[in-house]
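Heads up, the thing below is written out as structure tokens.
Chain letters run A, B, ... following the sequence lines, proteins first and then strands; every chain starts at 1. Values in this document were obtained by computation on a predicted structure and should not be read as measured data.
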Amino acid sequence: MYTQRKLRTSKRIAPAEPKKKEQAEDTDEDATLNHSPKKKPREVPSKKTFDKSQPDDKDIFNGKTVYFVPVEIPQARRNLLARRVEEFGGKVADELHLGGKTPLDYIVVDDRVALDTICRAMDNNFHDNFEKMLQLLDKASVVRAQWLSQCLLERKIVDDSEANINEFLKNHIRAMANKADQPSRSPLPFSPLRDSSPSRDESYHSDDDRKSYVSNFSDLGDMEDLHDVPGSQGDVDAAKLQKSNFFLSPAGGSRSGTNPNAHIIEQLEEMMKTYRNMGDEFRGYAYARAISAIRKFPDPILGMEQIKQLKNVGPRIASHIVEIVETGHMEKKDGAESNEATKAMNLFVNMHGVGTKTAQKWVQMGYRTLDDLKEKVKLTPEQAVGLKYYDEFQEKMTRREVEEIVRIVEDTVDSIRSGFIFKVCGSYLRGREMCGDVDLLMTHSDGHSHNTILKPLVGKLHEMGFLTDDLWLTEGRHKKYFGVCKLFKEGSKHRRLDIIIPPYNEWATCVLGWSGSMYFVRSIRDYAHKKGMSLTDYSLNINVVRVNGEKVNEGIPLETPTEESIFEALGLPYLRPEERDH
DNA sequence: AGGCGGTACTG
DNA sequence: CAGTACC
DNA sequence: GCCT
């Protein structure tokens, strides 16, 4: 059918070095992940009943003063820990004073802040103050939050050797002090204290659950719910930081996506990816819906009181949330992440053309790295492309770059035939700052030019050297090209490019489908389904007859010239693309 | 206990 | 048909 | 794993 496949080459694929993605999981799936029945997950509602019932060791902290370094410890967790510390006889300092009349006993940092991050922060903020820093460290122990959790759990001061990073810091300070004697000390650019946590920063809300979303409209007829992303607060951290000036990055503490429950969301997202990569689609989906509910929840989640208000959070996920709130981490997730085969699964599944089945097969055959694949596995043509650009495909591009790519395609189209209309869909249309690929839709109002443009277009783009590889090209009801392009500019990366060409009268449904998010699309289709309709990229049909889920009668396609008309026909309030970014 | 979006490609 | 992809 |  389509000839330009040459590029794909038989020669060996350029080494794409194994790049590790975060997240992991556990390969012997059921073993640790699924098994629910045994060992019942710690009673959800209990806990937090510490209070009255424990007459004994109430003052484990015995007047000790604790300071929480706000960075990276989610506010919710900080509050909770602080409350507990006081409950158990400790004091909580508001700020960290270098001079220290009331000497601090413990300085608590988040478990995830990397050591070198802390060091860099100190370098930037205390280069005049080495002595005071050392004094401070003499009296106070800098410990990980996890240690504090442990103390609270066991109701005693436990050994902190693992959590205590005093010596490390002192050594570092001494080293810096020496170095400071010598004149050259450039003020490190230094990027904030949060390098480690969002393993991929651009937070991505991958989700939302159709139910909550759709039912919000239909039942309550109010969409408020969707808009009210609690975004605002979160400069609390920044403010506090300013004050304490400890570990403060001069440049910018301003955190990006501040959600009061970011910490919880992060961990659950890891679990979601894990399940999904393992092939447990629906469990992953359940997580996605739960996460969406949490993301919309405006207040810090401290316990069951808040959890009970969340839709799509059942007993299992609730218990995970409780665990995260109380201990700061999630055992199941940590376990999965430390599993080696699991890491390989993640590595493989992130390659284009590889899903859970193939990844599982490879892992089982003992492969663990991309190099293993290069040498030992017969790849499909698509997988070969995926491997060749493994690293590049993990990266996202700016909106600006999307626009440059689109510009080239548009110009080329115009040079062939005038009058086409274009729309960049996908995450770009939803307003994301960074986009993983380019989804360009185009059509022609004359009702026929859309049929013949794709092949010449792709041919020309190849000639220009703009397209570097093809995944596939089809001439179905909607003409589609999936491939790889690269801007001519020096240093440009290879990018995934999808071109979709529906007939003019199917434009709106196609745009809707290609605008996402995936969860939005699933939810609105589900909603249509429930109303006896059927929504696809091609049309919105009414009077659909299904028997046992099988469509028996296609129904009748509605005229839906605009996206608005689709919502209207479904009886839903219109949502702009950026409001579909769940 | 059953459902969880709807479609179309490759091999 | 199974597997993967697209949002 | 959650909902109906």
* **Nearest-nucleotide pick for A:His529, side chain only, options being C:dG3, C:dC7, B:dC4** => B:dC4

* Is the number of heavy atoms from other residues, nucleotides or ligands under 6.0 Å of A:Gln364 CD greater than 12? -> no

* If we take the P atom in both B:dG5 and D:dT4, what is their distance in whole Å? -> 15 Å

* To do: Give a yes/no answer on whether the side chain of A:Arg546 brings an N or O atom under 4.0 Å of OP1 or OP2 in B:dG6.
  => yes

* Atom pair distance, as rounded to whole Å: CZ in A:Phe348 and P in C:dG3 -> 18 Å

* Quick one: label A:Arg430 by what it contacts on the DNA or RNA (base, sugar-phosphate, nothing), any heavy atom closer than 4.0 Å. => sugar-phosphate

* ring centroid sep under 5.5 Å plus plane angle under 30, A:Trp514 with C:dC7 -> no

* To do: Could you state the atom-to-atom distance from CZ of A:Arg276 to P of C:dG3 in whole Å?
  => 18 Å

* Could you check A:His329 against A:Gln267 for side chain to side chain donor-acceptor pair (under 3.5 Å), going step by step and ending with a plain yes or no? => CA-CA 7 Å; A:His329 63 100; A:Gln267 318 244 346; over 6 Å; no

* Structure fact -> Contacts of A:Asp437 meeting salt bridge (charged side-chain N to carboxylate O under 4.0 Å, His left out) (sequence neighbours excluded), chain-then-number -> none

* **Nucleotide B:dT10, atom P - distance to CD of A:Glu475 in whole Å** => 12 Å

* Structure fact -> Rounded to whole Å, NE2 of A:His352 lies from P of B:dC9 at a distance of 14 Å

* Asked: What pair of heavy atoms forms the shortest contact from A:Cys510 to A:Ile500, and how long is it?
  -> SG-CG2, 3.8 Å

* Starting at CD of A:Glu281 and ending at P of C:dA5, how long is that distance when rounded to a whole Å? -> 12 Å

* Please state how far atom CZ in A:Phe520 lies from atom P in B:dG5, giving the value in whole angstrom units. => 14 Å

* To do: Using a cut-off of strictly less than 4.0 Å, decide whether A:Arg496 has a side-chain nitrogen or oxygen near OP1 or OP2 of C:dC6.
  => yes

* Asked: Any idea which of B:dT7, B:dG5, D:dC2 is nearest the A:Pro315 side chain?
  -> D:dC2

* To do: Classify the angle between the aromatic ring planes of A:Tyr519 and A:Tyr285 as parallel (below 30°), tilted (30 to 60°) or perpendicular (above 60°).
  => parallel

* To do: Side chain of A:Asp439 only, please: which of C:dC7, C:dT4, B:dC4 is the nearest?
  => C:dC7

* To do: Say whether, by atom type as modelled, one donor and one acceptor occur between the side chain of A:Arg399 and the main chain of A:Met434 under 3.5 angstrom.
  => no

* 5' priority, DNA chain B, between A:His478 and A:Val521 [closest heavy atom] -> A:Val521

* Asked: Which nucleotide in the list B:dG11, C:dC6, C:dC7 gets nearest to the side chain of A:Asp437?
  -> C:dC7

* Asked: Does a side-chain N or O from A:Arg525 land closer than 4.0 Å to OP1 or OP2 of B:dG5, or not?
  -> no

* **Qualifying residue, where the test is salt bridge (Lys or Arg N to Asp or Glu O under 4.0 Å) with A:Glu395 and the options are A:Arg495, A:Arg496, A:Lys493** => A:Lys493

* In whole angstrom, give the distance that lies between atom CD1 of A:Ile566 and atom C1' of C:dC7. => 14 Å

* **Integer-rounded Å distance: B:dG5 C1' and A:Tyr538 OH** => 14 Å

* **A:Asn312, nearest nucleotide to its side chain (from D:dC2, B:dG5, B:dT10)** => D:dC2

* Asked: Taking only N and O in the side chain of A:Ser427, is any of them less than 4.0 Å away from OP1 or OP2 of C:dC7?
  -> no

* **Nearest to side-chain heavy atoms of A:Phe282, which nucleotide of B:dC4, C:dC6, D:dC2** => B:dC4

* Asked: Which nucleotide sits closest to the side chain of A:Lys357: C:dG3, B:dG11, B:dA8?
  -> C:dG3

* To do: Indicate whether OP1 or OP2 belonging to B:dT7 is found under 4.0 Å from a side-chain N or O atom of A:Lys551.
  => yes

* Asked: Base, sugar-phosphate alone, or nothing: which one does A:Ile500 contact when heavy atoms must sit under 4.0 Å apart?
  -> nothing

* To do: Could you tell me whether A:Ser534 contacts a base, only the sugar-phosphate backbone, or nothing, with contacts defined as non-hydrogen atoms closer than 4.0 Å?
  => nothing

* Asked: Looking only at side-chain N and O atoms, does A:Tyr285 come under 4.0 Å of OP1 or OP2 in B:dG5?
  -> yes

* A:Gly476 or A:Met533, whichever maps to the more 5' nucleotide of DNA chain B -> A:Met533

* Asked: Among C:dC6, D:dC2, C:dG3, which nucleotide sits nearest the side chain of A:Thr358?
  -> C:dG3

